[in-house]
Amino acid sequence: MGTKLTEIGKYIDINGVLDYIGSRRHEDGGYCFVSALDDTNVNDTYYAVKLHELLGIEIPEKEKTIEFLSKAIQPQTAVVAIAMALEGLAVLGAKDVAREKSDIVFTKYSPLEGKFAVGLGGSEEFGTATPLEATYWVVKAFRAIGVEFSGDEREAIREFVMRFRNGNGYGTKHPSTTMTYQALYTLHTLGYRPPKSAHFRNCELCGEWGGFTEVPYSLPPYLEPTFYAVRGLELQGERPTCPKRHVWFIRQLQNSNGGFRRSLELGISNFQNTYRAVAVVDSMLRFL
């Protein structure tokens with residue numbers, strides 16, 4: 001195994017992760033987190049690509065996956081999925097293909113017209129994507145493929161994001177870890193420097209738990225706020241208080257099939273959770 005695989009493998013069953021992902025690859029180059037289904041999709045394929053990138057290993061038959069993601073970018077595709085496909089293409093070394101397809105984003109996303117994702121469709125976190133989530137994914141994708149917003153577009157996006165400012169975080173009715181990270185990442189990527197948020201630190205659980213919560217001073221921890229909080233602390237140049245406990249939390253989430261669930265309770269594995277779990281362990285390595 002390579003160095004990254006070896007280091008992460010000290011804390012989780014990394015061979016189980018590779019088996020889980022690899023066994024769910026299909027002949028069209030796409031992936032589906034349930035092995036018995038042929039319903040390959042952009043979300044699972046994106047996270048398969050990101051896992052291979054994180055672990056420093058080549059994805060099998062890369063050209064097939066490039067073709068799969070390229071074909072998935074259609075007018076009827078939800079904007080979050082389009083953004084995932086664009087970023088996935090960039091990771092696979094097909095930035096030119098992604099740039100050729102990037103104009104389709106503006107049929108759904110036009111900051112100067114006040115359109116922050118028309119026909120939002122599926123979400124990573126909330127069932128139906130929020131405009132802030134869509135903004136985060138579009139900004140993330142454009143950064144990956146090297147497409148820049150104009151100065152007026154950047155300012156329109158900044159003004160939109162700031163509507164979600166809520167106390168020391170970002171959210172709708174109350175600040176949440178996911179939305180706070182998405183807002184701060186967007187602002188930083190566009191060249192703005194918002195003040196540091198104490199939200200992530202207020203959601204950290206040490207002691208007998210480990211992990212992070214979506215809102216401060218609550219229980220239990222979940223994988224998605226743990227992932228976003230760790231990324232948020234990194235963005236702000238901060239470190240977690242109890243990295244060993246966070247790795248312990250992640251270890252408890254690995255299922256027998258090698259994938260990861262989102263909570264300490266029973267749950268099924270999926271690619272999204274598996275990528276986030278491995279990414280958190282990778283981030284913790286520098287502190288252990």
Any donor-acceptor pair under 3.5 Å linking the side chain of [X] with the backbone of [Y]?
| X | Y | result |
| --- | --- | --- |
| Asp13 | Gly16 | yes |
| Thr189 | Arg143 | no |
| Arg261 | Glu265 | yes |
| Ser70 | Ile66 | no |
| Glu214 | Thr177 | yes |

Q) Can Leu190 and Phe149 be said to form a side chain to side chain contact (heavy atoms under 4.5 Å, CB included), step by step? A) CA-CA 8 Å; Leu190 294 177; Phe149 292 99; 3.9 Å; yes
- Side chains of Glu224 and Thr178: is there a donor and an acceptor less than 3.5 Å apart?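 Note: Glu224 and Thr178 side chains miss the donor-acceptor criterion.
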With a distance cut-off below 6.0 Å to the six-membered ring centre and an angular limit of 45° from the axis, does Arg158 pair with Tyr192 as a cation-pi contact?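 The answer is yes, since Arg158 meets both limits relative to Tyr192.
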### Query
When you measure from the centre of the six-membered ring of Trp248, is the NZ or CZ of Arg251 under 6.0 Å away and within 45° of the axis?
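No, cation not above the ring by the 6.0 Å, 45° rule.
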How far apart are the C-alpha atoms of Arg262 and Leu253, what are their side-chain angles, what is the distance that settles it, and do they pass the side chain to side chain contact (heavy atoms under 4.5 Å, CB included) test? CA-CA 7 Å; Arg262 68 185 290 262; Leu253 305 182; over 6 Å; no
Q | Member of Leu288, Ile250, Asp282 meeting the side chain to side chain contact (heavy atoms under 4.5 Å, CB included) criterion with Tyr11 | A |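 Single side chain to side chain contact (heavy atoms under 4.5 Å, CB included) partner of Tyr11 among Leu288, Ile250, Asp282: Leu288.
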inquiry  = Can you tell me how far apart CZ (Phe212) and CG (Leu223) are? Round to the nearest 0.5 Å.
reply    =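 Here the interatomic distance stands at 12.0 Å.
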message = Do Val215 and Leu205 land in one hydrophobic cluster if side-chain heavy atoms of ILVMFWY residues count as linked below 4.5 Å?
response =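 No.
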query: Sequence neighbours excluded, which residues qualify as side-chain contact (heavy atoms from CB on, under 4.5 Å) partners of Thr180?
result: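 side-chain contact (heavy atoms from CB on, under 4.5 Å) check on Thr180 returns Tyr170, Pro175, Leu184, Ser197, His199, Phe200.
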Please say whether more than 12 non-hydrogen atoms of neighbouring residues, nucleotides or ligands are located less than 6.0 Å from CZ in Arg99.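 More than 12 within 6.0 Å, yes.
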query: For Glu159, does the CD atom have more than 12 heavy-atom neighbours from other residues, nucleotides or ligands under 6.0 Å away?
result: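 Counting neighbours around CD of Glu159, more than 12 heavy atoms of other residues, nucleotides or ligands fall under 6.0 Å, so yes.
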Any side-chain heavy atom of Met284 sitting closer than 4.5 Å to one from Lys244?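 A side-chain contact is absent here, since even the closest heavy-atom pair is not under 4.5 Å.
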#### Entry: Short N-O contact, Glu27 and Lys64, less than 4.0 angstrom
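Yes, Glu27 and Lys64 are salt-bridged.
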- Query: Per the ring-ring contact (aromatic ring centres under 6.0 Å, His included) rule, which among Tyr275, Phe271, Trp137 passes with Tyr46?
  - Reply: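 Per the ring-ring contact (aromatic ring centres under 6.0 Å, His included) rule, the option paired with Tyr46 is Trp137, out of Tyr275, Phe271, Trp137.
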